[in-house]
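I have placed the structure first, in the form of structure tokens, so that the comments after it can refer back to it.
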Number of protein chains: 2
Amino acid sequence: MVQTERSGCPINLTLERLGDPWSLIVIRDLMFGNRRSYGALLSGSEEKIASNILADRLKRLVRAGLLTRRDDPSHRQKGIYSLTEASIQLVPLLAHMGAWGRRHTAASVELSVRAELLEVGGPDLWNAFMDELRHLHLGAPRPARSVFAELQAAYRNALVRRGD
Amino acid sequence: MVQTERSGCPINLTLERLGDPWSLIVIRDLMFGNRRSYGALLSGSEEKIASNILADRLKRLVRAGLLTRRDDPSHRQKGIYSLTEASIQLVPLLAHMGAWGRRHTAASVELSVRAELLEVGGPDLWNAFMDELRHLHLGAPRPARSVFAELQAAYRNALVRRGD
DNA sequence: CCAGACCACTTGCATGATGCAAGTAGATGC
DNA sequence: GCATCTACTTGCATCATGCAAGTGGTCTGG
């Protein structure tokens, strides 16, 4: 570690890891979209992340301990990315970002449904979701409740409503 | 508004406003350090923000509705920057960022004291702090409790302890 | 067992953001 | 009215981003 940091302030150090336009988008897709591979992250991205930026961010996030990568047994060159305990603990942060964005930006109705659910659910829901992420990404036992399914169902519902 | 956004996702839209290495540092200093002018933000900055970047961010944040600027009556060319309701509502976000940074980065002990206080205090403390910020920045009545003073006292205390 | 599609990246290049040092122009203080 | 202060701006080097295209392994159907 020769690289020097700007300051020892915890907010600053968080920003040094996540304060760019793409890192949290990647984590969001991994977390809420369960997109686990390079290809899934690249093509599923609403925001059309560039392939070189995605490759760079994945490396950087692995190096920072926010993701891990293991080989996909079904496809030798494919990697499967997982959240770590550190990135799972970003759930409340992302929930707040969603809540703030819903209130103070012109967010689309369908894409706000999940944010609303997370906001209304509060810390209890976040904890249930974090337990589920520990199951999906860290191999912990499967919890009874699937917040992931609830979020997806709410989103699909909103899409249908909009489709009418 | 010709400028197009990457997507309507509330998390993405929040990132488009705040997802750079400096915007939240400026808001943090305005919020927790009560640094209200260009000069105060420039010289007080732990992280040594460059003067052109600070000038650019102040403009951008004013345009985005996260800050307002008014003239300082005591000094004709000086401006006083204030938070808006939108940026005051970033308190929970910054509290979470501090909490995460404290847990997952090598944050310095003195600079973590305020983050710890905010984390332990939880939503009640955040609301009290937001009320105080509405007083300091928006002209609302002064609340009974000064969270700002509590945070500063805790920080000074930590400095003294370290000084021993 | 081989052609073609697929996948996970990399490369080149243009453009914009950042960082540093220095400069400027008006305001204030003595 | 001269030095100093304040709020910026400017020039320039370097780094980050975005786009389009390329590369080289890997799987798949016949």
Side-chain angles (χ1 to χ4, degrees), chain A residues 2-7 12 15-30 33 35-64 67-82, chain B residues 2-7 12 15-27 29-30 33-64 67-82:
Chain A
V2 184
Q3 162 195 350
T4 178
E5 275 143 351
R6 299 189 300 191
S7 88
N12 171 59
L15 275 173
E16 290 195 31
R17 273 152 193 75
L18 303 169
D20 73 284
W22 290 113
S23 294
L24 281 172
I25 292 287
V26 171
I27 290 175
R28 179 203 63 182
D29 285 353
L30 216 57
R35 287 199 263 283
R36 303 293 289 274
S37 67
Y38 178 90
L41 288 163
L42 188 66
S43 60
S45 156
E46 279 267 339
E47 290 85 9
K48 307 289 171 214
I49 186 169
S51 62
N52 55 345
I53 307 286
L54 176 59
D56 177 77
R57 284 308 174 281
L58 287 171
K59 264 182 212 150
R60 210 183 283 199
L61 289 169
V62 168
R63 232 182 306 131
L67 299 180
T68 54
R69 186 209 146 109
R70 71 188 141 88
D71 292 338
D72 183 339
S74 80
H75 193 302
R76 199 180 303 241
Q77 77 183 141
K78 200 166 173 178
I80 298 180
Y81 293 92
S82 300
Chain B
V2 186
Q3 163 196 347
T4 178
E5 275 142 353
R6 300 189 300 190
S7 88
N12 172 60
L15 275 174
E16 289 195 32
R17 275 153 191 74
L18 304 169
D20 74 284
W22 289 113
S23 294
L24 280 172
I25 292 287
V26 171
I27 289 175
D29 285 353
L30 216 55
N34 203 36
R35 287 198 264 281
R36 303 293 290 273
S37 67
Y38 178 91
L41 288 164
L42 188 66
S43 59
S45 156
E46 278 267 341
E47 289 85 9
K48 308 290 172 212
I49 187 170
S51 62
N52 55 344
I53 306 287
L54 176 58
D56 177 76
R57 284 308 174 280
L58 287 171
K59 264 182 212 148
R60 211 182 282 199
L61 289 169
V62 167
R63 232 180 307 132
L67 299 180
T68 54
R69 185 207 147 109
R70 71 188 141 86
D71 292 338
D72 184 339
S74 81
H75 194 301
R76 199 181 304 238
Q77 76 182 142
K78 198 168 175 175
I80 298 180
Y81 292 93
S82 299

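Computed from a predicted model, the values in this text were never measured in an experiment. All chains are named by letter (A, B, ...) in the order of the sequence lines, taking the proteins before the strands, and each is independently numbered beginning at 1. Note that these values count all heavy atoms, side chains included, but never hydrogens, waters or copies made by symmetry.
Scanning all heavy atoms of the two residues, the minimum distance from A/Asp20 to A/Arg17 falls at OD1-O, 4.5 Å. Taking every heavy atom of both residues into account, B/Tyr81 and B/Tyr38 meet most closely at CE1-N, 4.1 Å. Across every non-hydrogen atom of B/Arg69 and B/Gln77, the tightest pair is NH2-O, 3.9 Å.
Spacing between atom CG of B/Asn52 and atom C1' of D/dC15 amounts to 14 Å, rounded to whole angstrom units. Atom-to-atom, CG of B/Leu15 to C1' of D/dT17 comes out at 16 Å; the value is rounded to the nearest Å. For the pair B/Gln77 CD and C/dA25 C1', the computed distance is 8 Å after rounding to whole Å. Between B/Tyr38 atom OH and C/dA27 atom C1' the separation is 17 Å, expressed in whole Å. Atom CG in A/Asp72 sits roughly 12 Å away from atom C1' in D/dT26 (whole-Å rounding). Between A/Leu54 atom CG and C/dC7 atom C1' the separation is 13 Å, expressed in whole Å. When rounded to the nearest whole Å, the span between CZ of B/Arg76 and P of C/dG29 equals 12 Å. With rounding to whole Å, A/Ile53 atom CD1 is found 13 Å from C/dT10 atom C1'.
Contact annotation for B/Asp56: no contact, since no heavy-atom pair falls under 4.0 Å across all strands. Residue B/Arg69 is classed as a sugar-phosphate contact, given heavy-atom separations below 4.0 Å to backbone atoms only. Nucleic acid contact class of B/Arg57 (heavy atoms, under 4.0 Å, all strands): sugar-phosphate only. The residue A/Ser43 sits apart from the nucleic acid: no heavy atom pair falls under 4.0 Å.
At C/dT10, one or more side-chain N or O atoms of A/Lys59 fall inside 4.0 Å of OP1 or OP2 (strictly under the cut-off).
Under a 4.0 Å N-O distance rule, the pair A/Arg28/A/Glu47 qualifies as a salt bridge.
Distances were taken from every side-chain heavy atom of B/His75 (C-beta onward) to each of C/dA27, D/dC8, C/dT18; the shortest belongs to C/dA27. Checked against C/dC20, D/dC8, C/dA8, the side chain of B/Ala55 finds its nearest nucleotide in D/dC8. Of all nucleotides listed (D/dC8, C/dG26, C/dC9), C/dC9 comes nearest to the side chain of A/Ser51. Here D/dT17 is the nucleotide among D/dT17, D/dC8, C/dC7 with the atom lying nearest to any side-chain atom of A/Trp22.
A donor N or O paired with an acceptor N or O is not found under 3.5 Å between the base of D/dT6 and the side-chain atoms of B/Ser37.
Looking only at side-chain heavy atoms (C-beta outward), B/Glu16 and B/Leu18 stay at 4.5 Å or farther from each other. Looking at A/Asn52 and A/Asp56, their side chains never come closer than 4.5 Å, going by heavy atoms from C-beta outward.
Of the two residues near DNA chain D, A/Pro73 and B/Leu42, the one whose nearest nucleotide lies more 5' is B/Leu42. Mapping A/Gly39 and B/Ile49 onto DNA chain C by nearest heavy atom places A/Gly39 closer to the 5' end of the strand. Positionally, the nearest nucleotide of DNA chain C for A/Leu58 lies more toward the 5' end than for the other of A/Leu58 and A/Arg6.
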